[in-house]
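Down below is the structure, laid out as structure tokens.
A, B, ... follow the sequence lines: proteins, then strands. Residue 1 opens every chain. Since the model is a prediction, treat every value here as computed from it, not as a measurement.
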Protein chains: 2
Amino acid sequence: MTKQRKVVYDVLRSKRDHPTAQMIFERTQKELPTVSLATIYNCLEALVSHDVVKQVNVDREPSRYCPNLAEHGHFHNKQTGDVIDINFKPDVNLAEFLDLPEGAVIEDLELNIKGFLK
Amino acid sequence: MTKQRKVVYDVLRSKRDHPTAQMIFERTQKELPTVSLATIYNCLEALVSHDVVKQVNVDREPSRYCPNLAEHGHFHNKQTGDVIDINFKPDVNLAEFLDLPEGAVIEDLELNIKGFLK
DNA sequence: GTAGTTTTTTAGAATAATTCTAATTCCAAT
DNA sequence: ATTGGAATTAGAATTATTCTAAAAAACTAC
Ligand SMILES: [Mn+2]
Ligand SMILES: [Mn+2]
Ligand SMILES: [Zn+2]
Ligand SMILES: [Zn+2]
């Protein structure tokens with residue numbers, strides 16, 4: 001954990017709105033005015049590869065980042081652009097409901113929902 | 001339906017391996033040697049926006065395209081790079097198992113699984 | 001502490017999938 | 001055949017991300 005990585009991680013935990021690298025860059029600059037965007041990408045890569053942050057992709061938009069390590073999905077509100085966490089109901093294992101091929105080993109399961117709030 | 005759109009659509013249906021735009025370009029060239037990559041993108045955009053083809057994104061890799069309109073997920077085999085369709089077991093409505101916010105309207109549900117075959 | 005080594009950060013260039021622009025081609029209707 | 005709109009095309013532009021190389025920082029013996 002370097003100073004920069006710590007601030008990036010704190011930025012992610014302090015507002016769990018799934019910011020993009022650019023948004024994280026702007027928030028990190030308030031704390032570390034000389035930080036560079038390359039460093040933000042480097043820090044995020046370090047955090048993601050050490051499984052302390054998840055990278056969330058919705059379509060081909062810029063990646064977003066999430067510090068919630070519990071298994072969960074994402075709801076993308078098309079009206080507001082917000083992305084919020086969606087938990088699975090207790091004791092639900094989604095894989096049970098899928099017709100997976102023989103011998104399939106799941107390493108990662110990603111659920112993205114798009115819609116809006118009535 | 002123009003000639004190009006028809007060939008792109010046929011390419012997609014004839015081998016349902018979720019090809020990228022580049023792969024579709026190469027396959028289409030066998031039928032239409034003068035077709036351009038821009039046209040492939042234009043055709044795919046037309047097919048996707050008319051809901052006859054689905055765009056499938058796995059991480060930040062190039063988009064893949066799928067002519068299967070039934071609700072289904074995707075299994076991305078990390079060992080081979082293949083992407084295959086995953087059907088939900090009969091009469092399963094995944095949304096039932098999710099803790100959605102009050103008033104959430106689902107317009108699209110996307111399930112991507114990464115793993116391998118033992 | 002200093003010298004040497006490794007890691008991280010930084011600025012800026014490079015990359016690559018996709019989109020855009022503007023010119024040309026196609027095609028259906030008159 | 002002419003025309004008008006839509007589609008296709010080649011190539012330039014865009015943009016999120018990655019790469020490169022140099023400077024800074026962090027570590028590790030001595
Ligand atoms: Mn995704
Ligand atoms: Mn996706
Ligand atoms: Zn999340
Ligand atoms: Zn599919």
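C:dT19 atom C1' lies 15 Å from atom CD1 of B:Ile40, rounded to whole Å. Between B:Leu37 atom CG and D:dG11 atom P the separation is 13 Å, expressed in whole Å. Between the CD atom of B:Glu61 and the C1' atom of D:dT17 there is a distance of 14 Å, given to the nearest Å. Here the C1' atom of nucleotide D:dA6 and the CD atom of B:Glu45 are 14 Å apart, to the nearest Å. Going from atom CE of B:Met1 over to atom C1' of C:dA28 covers 18 Å, rounded to whole Å.
Nearest heavy-atom pair, B:Ala21 versus B:Tyr65, reported as atom, atom and distance to 0.1 Å: N-CE1, 4.1 Å.
In this structure, A:Arg60 reaches the C:dT18 phosphate: one of its side-chain N or O atoms is under 4.0 Å from OP1 or OP2. Taking only side-chain nitrogens and oxygens, B:Tyr41 comes nearer than 4.0 Å to OP1 or OP2 of C:dT18.
Remark: A:Arg13 is positioned above the aromatic ring of A:Tyr9, its terminal NZ or CZ atom under 6.0 angstrom from the ring centre and at most 45 degrees off the axis.
Residues B:Phe88 and A:Asp99 are not in side-chain contact: their nearest non-hydrogen atoms beyond the backbone lie 4.5 Å or more apart. Residues B:Thr20 and B:Met23 have side chains in contact (heavy-atom distance under 4.5 Å, counting atoms from C-beta outward). Under the 4.5 Å side-chain criterion, counting only non-hydrogen atoms from C-beta, B:Asp82 is not in contact with B:Asp17.
Distances were taken from every side-chain heavy atom of A:Thr2 (C-beta onward) to each of C:dT8, D:dA16, C:dT10; the shortest belongs to C:dT8.
Judged by distance alone, with hydrogens and angles left aside, the side-chain atoms of A:Lys89 form a donor-acceptor pair with the main-chain N or O of B:Glu96 at under 3.5 Å. Side chain of A:Asp59 to main chain of A:Glu61: no donor-acceptor pair is present (N/O by atom type, distance under 3.5 Å, no hydrogens or angles).
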For nucleotides 21-26 of chain C, which of its nitrogen or oxygen atoms have a protein nitrogen or oxygen under 3.5 Å away, and what is each distance?
none

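Using cut-offs of 30° and 60° for the angle between ring planes, the B:His72 and B:His18 rings count as tilted.
Here A:Thr39 lies in heavy-atom contact (under 4.0 Å) with a base.
Proximity of residues 4-34 of chain B to DNA chain C (heavy atom under 4.0 angstrom from any strand atom) is not detected for any residue.
Annotation: salt bridge (Lys or Arg N to Asp or Glu O under 4.0 Å) contacts of B:Asp85 (sequence neighbours excluded): none.
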